[in-house]
Amino acid sequence: MLLEVKDINVHYGKIAALKGISLEVNEGEIVSLIGANGAGKTTTLKTISGLRPLTSGKILFNGEDISKTPGHKRVIMGIGQAPEGRGVFPGMTVQENLLMGAYTRKDDLTKDLDEVYGLFPRLAERRSQFGGTMSGGEQQMIAIGRALMTKPKVVLLDEPSMGLAPMLIAQIFSIIKEINSRGTTVLLVEQNAQQALKLSDRAYVLETGRVVKSAPGKDLLNDPSVREAYLGGH
Amino acid sequence: MKGDEVTSEETTPRRNPFSAIGHGIDVMRDWWEHAKVWQRYLVYIGAVVFALILPAPAIGSFMSPGADWTSVLVYPIGTYILLAVGLNVVVGQAGLLDLGFVAFFAIGGYNVAYFGTQYHWNYWATVVMGIAMAAVSGVILGAPTLRLRGDYLAIVTLGFGEIVRITANNADVIGGARGITNVPHPPPIFGTKFLLDPAPYYYLMIVAIALVIIFSVRLQKSRVGRAWAAIREDEDAAELMGVPTFKFKLLAFAIGAMIGGLAGGVYAGKAVFIEPNTFPFILSATILAAVVLGGSGNLPGVILGAFLIGWLPERFRDFAEYRILIFGGVLVLMMALRPEGLLPSRRRKAELREGTGGMGAMGAEVAGPTTEASAEVNQ
């Protein structure tokens, strides 16, 4: 098992955001976390990548306990993340943004840059443009590309479809599939449950800081209660 | 790619008197970016020559009719520039809002005064001691507080500045409220004696400023500078790129503090007398104003800002008490019309437009002056 989250609790001040979440991600999978606003999806990702400290529980990566490891070291271990709201560096060019992703690496980067530009030809066209002047979709591409530049074993994607046009959403999801087929494990957080479930091997449904359901993505697509709550009824 | 709704972000021309200046700056910056090495060195040499002839009486009679121009160049102008370059490391490069920067200036000054008068150390040894002590106190201040962000950090640093001043006020070993008198001058260099004539101090100040500028530019272009830029623009994202953000923030604090300590040492070498009230909170605010006015993060801008902030009140001494009022008004007007500062870097402009705080620091997600509501197509 690549990533294992064991019964984690996370608090913002006195408010519990996660109340004993457990999940597993196997190598090569696409796993989704779906749920409403405030369910704890983003907090879960931030805790895995080390941006939030946990109150109790454990996070294992490759069998190693990383609960206390600072975030920047988890990146070196192989956890990459495209954060919520993209977090593109506005004053850096597209290329500089991507190179920031390789900050900890000292090996040759040309191959990886080419690969990212291959996935996102749009970024190649605009490599010397400031990140802050790019559109929402392009910034999402930067965020994903930048996460890939860290050479992650697992990449955490936080709402990659947020605020994008439907055509673009479809494109982003097909790229996620492509990334996965090239060997990177994906942990995806999405409000766009329909698309996410279609893509995922497995998925977890989060509600107010707890996992209420977990099953293969296809099963959840047909699950009446999930359809009711997250897929717009019928 | 097809179907991608790209928002074309044309820069709308600014309709205010500064737009022409802004255009001129852009032209200059383009030239500078493509300038050859020898052209750049010509500019550097020109800047040094300019600095060396600046104290000339012909210039002084216009710049400072009321007071001795060379003295004004040492304090406030030169000292402000040195402090502003130091604060720029913290505020402009790493994006941390420090409202207690004067504390490091005080620590540098007090070290020179204390070890010089009590133990009769060599002046340069006391300066080095001051720099080291400032760095140590930067780390002591930073270690517990740099987990805070934005305005919380600002409040803690403000408190630190006051603690240092009030401690100095109450510590008899460093003279308490009376301060320390007879602070020794620097020993002669190449036969030039440091006495009452301000000229040698001016040239010493120029050397200090030049060294600090070179150091600062080298840092900015290094891996450290890249890490600071990432932290300033998005701290969480920086951590996700593998940047040890806490360590680099601490480093920014320590380096800024060292430059502040150096400024204090140079200042004390000329001042003869220092007391706690030499280091009021308002000095921290003034230096911050210089950095922001000039263009936080851009060295030429910061130097220009510090020059203006140091020089203008001296130049307009005739207006007596009103000058501070006018000065404040001018600052407010400047920031309303040109919030990115007089000489912002292009990168800083892009950050501001995105609305990531600009200062990085206040943690405020304020829309920049030209930001329009994001034109992304929602599903």
**Q.** Salt bridge present between A:E96 and B:R226 (N-O < 4.0 angstrom)
**A.** no

(Q) Check this for me: does any side-chain nitrogen of one of A:R86 and B:D234 sit under 4.0 Å from a carboxylate oxygen of the other? (A) no

Q. With a 4.5 angstrom heavy-atom cut-off, which part of A:M92 approaches chain B: side chain, backbone, both or neither?
A. both

(Q) For chain B, which candidate among A:M100, A:M149, A:Q81 shows the most heavy-atom pairs at distances under 4.5 Å? (A) A:M100

Q. With a 4.5 angstrom heavy-atom cut-off, which part of A:F130 approaches chain B: side chain, backbone, both or neither?
A. side chain

Q. So which heavy atom on A:L188 is nearest to which on A:A196, and how close?
A. CD2-CB, 4.1 Å

Q: Sort A:L99 into side chain, backbone, both or neither according to what part of it lies under 4.5 angstrom from a heavy atom of chain B.
A: both

**Q.** Contacts of B:L304 that satisfy side chain to side chain contact (heavy atoms under 4.5 Å, CB included) - sequence neighbours left out
**A.** B:L308, B:L342, B:L343

Q: Please list all pairs passing the salt bridge (charged side-chain N to carboxylate O under 4.0 Å, His left out) test where one or both residues lie in residues 173-198 of chain A, with sequence neighbours left out.
A: A:E115-A:R182, A:E178-A:R182

**Q.** Part of A:I76 within contact of chain B (heavy atom distance under 4.5 Å)
**A.** neither

